[in-house]
Each structure stands twice: as structure tokens, then as C-alpha cells.
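To start, the structure itself, in C-alpha cells.
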Amino acid sequence: MQKSFRWKEIFMLQAVFFIYSISSVVSKFASGKELFSPEFIFLYGLDVLILGVYALLWQQVIKKFELSVAYANKAVTLLWTLLWSIFLFHEQITLWKGAGIFLVMIGIFILNGEEGKQG
């Protein structure tokens, strides 16, 4: 029972970072708009809203993790950002970018495994 509860917390942590990564997408769309145009103001306001939701959820999630573990997991945002850049902006992934993100994901997996053994 305890192990499945831990996975629920890890999933919630990753969901918070997914929300955080959406901020990058909105920022990228805003960067293509004329400064202070209605579209820019809307996207900027949406970005602030997303970051506010992220901040509130982050405060709740870090209660359940050591701060060092929670921040190490924040690197998963790189994966989400890479996926957004490929599918929404049709950017190219290089071998080195892929390898780097793969190493980060392995590190997060190892860190979460070690955290689970302690708690």
C-alpha cells in the first residue's frame, strides 16, 4: 500500500512540472506577437496564471518530498519542453539533446528509487 501511495506522489510531482512546462509554450507563442498587442497581453496573462497555478501546486507537493529530491525532479521539464518543441514548433532534436535528456531521466529514476527506499 505504501509503495503505490509513493507513486501517486511522484505522479503528482511530475504533473506539476508538466503544468510548469506549458508556461514555456505560452511564452514562445507570446514572443511571436507584437509587444502590448491584445494577443500578447492575453498570452502574457495566461502565462502568469499558469505560473500561479504551478506555484500553488508546488507548495503542496514539496510537503511530501525532500527539497533536494523535488528540485532534482524538476529536470523532467526538459523532456516536456523537448516534446513541445518537436510537436508544436516542429524543431529538430539532435542526438546530443536526446542523449542529455535520456541521462537526466535516468538520474531522476535512480533518485526516485533511492528516495522510495528511505521513505
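Numbers here are sequence positions counted from 1.
For residues 19-47, the set of pairs meeting the salt bridge (charged side-chain N to carboxylate O under 4.0 Å, His left out) definition, not counting sequence neighbours, comprises K28-E91. Residue pairs meeting the side-chain hydrogen bond (donor to acceptor under 3.5 Å, both in side chains) criterion with at least one partner in residues 76-88, sequence neighbours excluded, are S21-W84.
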Report the C-alpha distance between Q59 and I62 in whole Å, list the side-chain angles of each, state the deciding distance to 0.1 Å, and finish with yes or no for side chain to side chain contact (heavy atoms under 4.5 Å, CB included).
CA-CA 6 Å; Q59 294 303 314; I62 61 174; 4.2 Å; yes
Would L57 and M12 count as a side chain to side chain contact (heavy atoms under 4.5 Å, CB included) if you check the C-alpha gap in whole Å, the side-chain angles of each, and the deciding distance to 0.1 Å?
CA-CA 9 Å; L57 292 173; M12 182 61 176; 4.0 Å; yes
Could you go step by step and tell me if Y54 and F18 meet the ring-ring contact (aromatic ring centres under 6.0 Å, His included) rule?
CA-CA 9 Å; Y54 160 75; F18 174 79; over 10 Å; no
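Under the 4.5 Å side-chain criterion, counting only non-hydrogen atoms from C-beta, F65 is not in contact with N73. Using a 4.5 Å heavy-atom threshold, the side chains of I50 and Y20 count as separate.
In this structure, the side chain to side chain contact (heavy atoms under 4.5 Å, CB included) partners of V104, at least two apart in sequence or on a different chain, are A75, L78, I108.
When the options V48, V26, V25 are evaluated for a side chain to side chain contact (heavy atoms under 4.5 Å, CB included) with L43, the one that passes is V26.
The neighbour count for Y44 OH, taken as heavy atoms of other residues, nucleotides or ligands under 6.0 Å away, does not exceed 12.
Between W58 and Y71, the two ring planes are perpendicular [angle over 60°; tilted spans 30° to 60°].
Annotation for L51 and S23: closest pair CD2-OG, 3.5 Å, computed over non-hydrogen atoms.
Distance check, rounded to the nearest 0.5 Å: CZ of F29 to CZ of F89 gives 4.0 Å. One finds the NZ atom of K64 at 12.5 Å from the CD1 atom of I10 (value rounded to the nearest 0.5 Å).
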